[in-house]
> 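Could you have a look at this structure, given as structure tokens, before my questions?
These figures come from a predicted structure and were not determined experimentally. Just so we're on the same page: letters track the sequence lines, and every chain starts at 1.
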There are 2 protein chains.
Amino acid sequence: MTTWTVGQVAELLDVTVRTLHHYDEIGLLVPSERSRAGYRLYTDEDLTRLQQVVVYRRLEMPLDEIATLLRGNEDAADHLRRQRATVMTRLDELRELVSAIDRALERAMNDQPASTEDLKDLFGDGFTDEYEQEAQERWGETDAWKQSRSRTKRYTKADWEQVKQEADAVNAAFVAALHSGAPATSEAAMDAAEQHRRHIDDRFYDLDHTFHRGLADMYVADPRFTKTYEDLAPGLAAYVRDAIHANADRHRE
Amino acid sequence: MTTWTVGQVAELLDVTVRTLHHYDEIGLLVPSERSRAGYRLYTDEDLTRLQQVVVYRRLEMPLDEIATLLRGNEDAADHLRRQRATVMTRLDELRELVSAIDRALERAMNDQPASTEDLKDLFGDGFTDEYEQEAQERWGETDAWKQSRSRTKRYTKADWEQVKQEADAVNAAFVAALHSGAPATSEAAMDAAEQHRRHIDDRFYDLDHTFHRGLADMYVADPRFTKTYEDLAPGLAAYVRDAIHANADRHRE
DNA sequence: CGTGACGCCTCACGCGACGTGAGGGTCAAG
DNA sequence: CTTGACCCTCACGTCGCGTGAGGCGTCACG
């Protein structure tokens, strides 16, 4: 099979048939062939072009702009590089948004009413606007949301402050150990690890050294967790993981 | 000054006047006051509500859904937490996109033409009509199985490591809940159950809470599955089943 | 007191990127 | 030769506003 019909292409690249019709109508992606019955037939080249369109669309680029870009004489790699850069920018914007939300949350926890200044500072300007796409079902059903809700619900504002302070202290201990040049197997690092374990054990759920190892590995494997540590200090995620393993080792026997 | 006009609000929160008119028209944000000349006057409370709307809009939520959410009895902090969780999910998706682009780039650099397979792997949600024998007896022709096949097919060894680690984390959560003495109906246990469901849902096949119940019952009924849980901790199989049912209950409403 | 300039008001049509039928031809399998 | 899945072309609907048009309100300046 060397060409594909609308339905096949649609499923392959996860777009609707109507979308393909639309792209044909506006000349953004006109299939190279038609069967005698008038069926649209897409070739390999058409698919490659469509793939570029799909990625650009995910990044919220208007169709006419995409058309202009694709009319240029850039090759596939050029487009991929551009797309990559765009995604990175968007990632930064989203991280900005997260920290704005965090600041707002902190304020809400302390029961301070939102002042006009705050609103402007937090959500007014600074963002180039428009981020998302898709993901309708995920709304309100995300695990992250549910867990965050059920866990934090039990805490009062004061508790939250306390927990946050403890967490900061633990992180500070890790950072201090790292910056002192001490290896992850040093006493200081292992002590920080033990502090970390007890913090979670006290505040959230029973956590023995074995499970602590699992958690440590996750800090490195899950980019979401990795990020929070890497933001504190480069190399911290791996350092924390190693320290936790070292600490678990010394607590064996 | 205790109230603001459209223009002031618009500049403060970086929206257009027309947008405020629109929100008024559809009843999403009706200003609490009007001057005798008919000018819209926004109060502090109006601004707080608008700020929530603005953030939800940045996350591409449709206006009617935002309205539903804001009609609920959640407070500002609840909304902020939900928004945070959503942004995090979105961040994950974008990171996925980056790595997909990277893989495509790597291939393009090596001058290998993009095959249909690649396109599907990288940017589509592919489908497969493969069938297996030994599992077919167990699962028959269920959609779940087909999805599992097509989803797991794309995993590399590294991916599998990751999946395995996730599974371990879920099991550890169950064990932790059990050993803490918390009942299967506790939040900790239910959260573990939800984690379990999400893990399967993400990695293998779509799994709603109803089907999750069926799976839970099988864990107890089928000695093969019972064994894997009982090996981790005595009584765990039944505990897991009860936790899953409790979790499904709370998600029914 | 008059006069702009500017901000506010209410219609009301336009637009981008499709969604969603209606009405009808095509094609492989049984 | 029927059946059902898939394809076609209109063509109107939707969502979240953008963009004037035409007119009133308010305030500083002359």
> Of all residues at least two apart in sequence or in a different chain, which pass the side-chain contact (heavy atoms from CB on, under 4.5 Å) check with R71(A)?
A67(A), T68(A)
> Sugar-phosphate atoms are those with a prime plus P, OP1 and OP2; base atoms are the rest. Using that split, label each nucleotide of nucleotides 14-26 of chain C B, S or - for protein heavy atoms under 4.0 Å, 5' to 3'.
---BBBB----BB
> Could you check whether D24(A) pairs with R34(A) (Lys NZ or Arg NE/NH1/NH2 to Asp/Glu carboxylate O, under 4.0 Å)?
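Looking at R34(A) together with D24(A), the answer is yes, because their closest N to O distance falls below 4.0 Å.
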> Can you list every ring-ring contact (aromatic ring centres under 6.0 Å, His included) pair that touches residues 52-91 of chain A, not counting sequence neighbours?
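Non-adjacent pairs meeting ring-ring contact (aromatic ring centres under 6.0 Å, His included): Y56(A)-H79(A).
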> If you count every heavy atom of other residues, nucleotides or ligands that lies below 6.0 Å from E25(B) atom CD, does the total exceed 12?
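Counting other residues, nucleotides and ligands, CD of E25(B) exceeds 12 neighbours.
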> Take the protein atom CD of Q8(A) and the nucleotide atom P of dC27(C), then report the distance between them rounded to whole Å.
14 Å
> Is the distance from OP1 or OP2 of dC8(D) to the nearest side-chain N or O of H21(A) less than 4.0 Å?
yes
> Tell me which pairs pass ring-ring contact (aromatic ring centres under 6.0 Å, His included) where either residue lies in residues 13-39 of chain B, with sequence neighbours left out.
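Listed once each, the pairs would be none.
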> Would you work out how much the helix from dC1(C)-dG30(D) to dG30(C)-dC1(D) bends between its ends, with each end axis defined by five base pairs, to 10 degrees?
0°
> Working note: D46(B) + W4(B), criterion side chain to side chain contact (heavy atoms under 4.5 Å, CB included); need CA distance, chi angles, decisive distance, verdict.
CA-CA 10 Å; D46(B) 294 338; W4(B) 295 263; over 6 Å; no
> Using whole Å, report how far OH of Y42(A) lies from P of dC7(D).
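Atom-to-atom, Y42(A) to dC7(D), this comes out as 10 Å.
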> Could you tell me whether the side chain of R58(B) and the main chain of L94(A) form a donor-acceptor pair under 3.5 Å?
no
> Counting the atoms with a prime plus P, OP1 and OP2 as sugar-phosphate, which does S35(A) contact under 4.0 Å by heavy atoms, base, sugar-phosphate, or nothing?
nothing
> Which residues satisfy the salt bridge (charged side-chain N to carboxylate O under 4.0 Å, His left out) test with R82(A), sequence neighbours excluded?
E74(A)
> Does OP1 or OP2 of dT9(D) have a side-chain N or O of R34(A) closer than 4.0 Å?
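Answer is yes, contact under 4.0 Å.
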> Could you give the CG-to-P distance, from D24(A) to dC10(D), as a whole number of Å?
12 Å
> Quick one: L20(B) CG to dG7(C) P, roughly how many Å, whole number?
15 Å
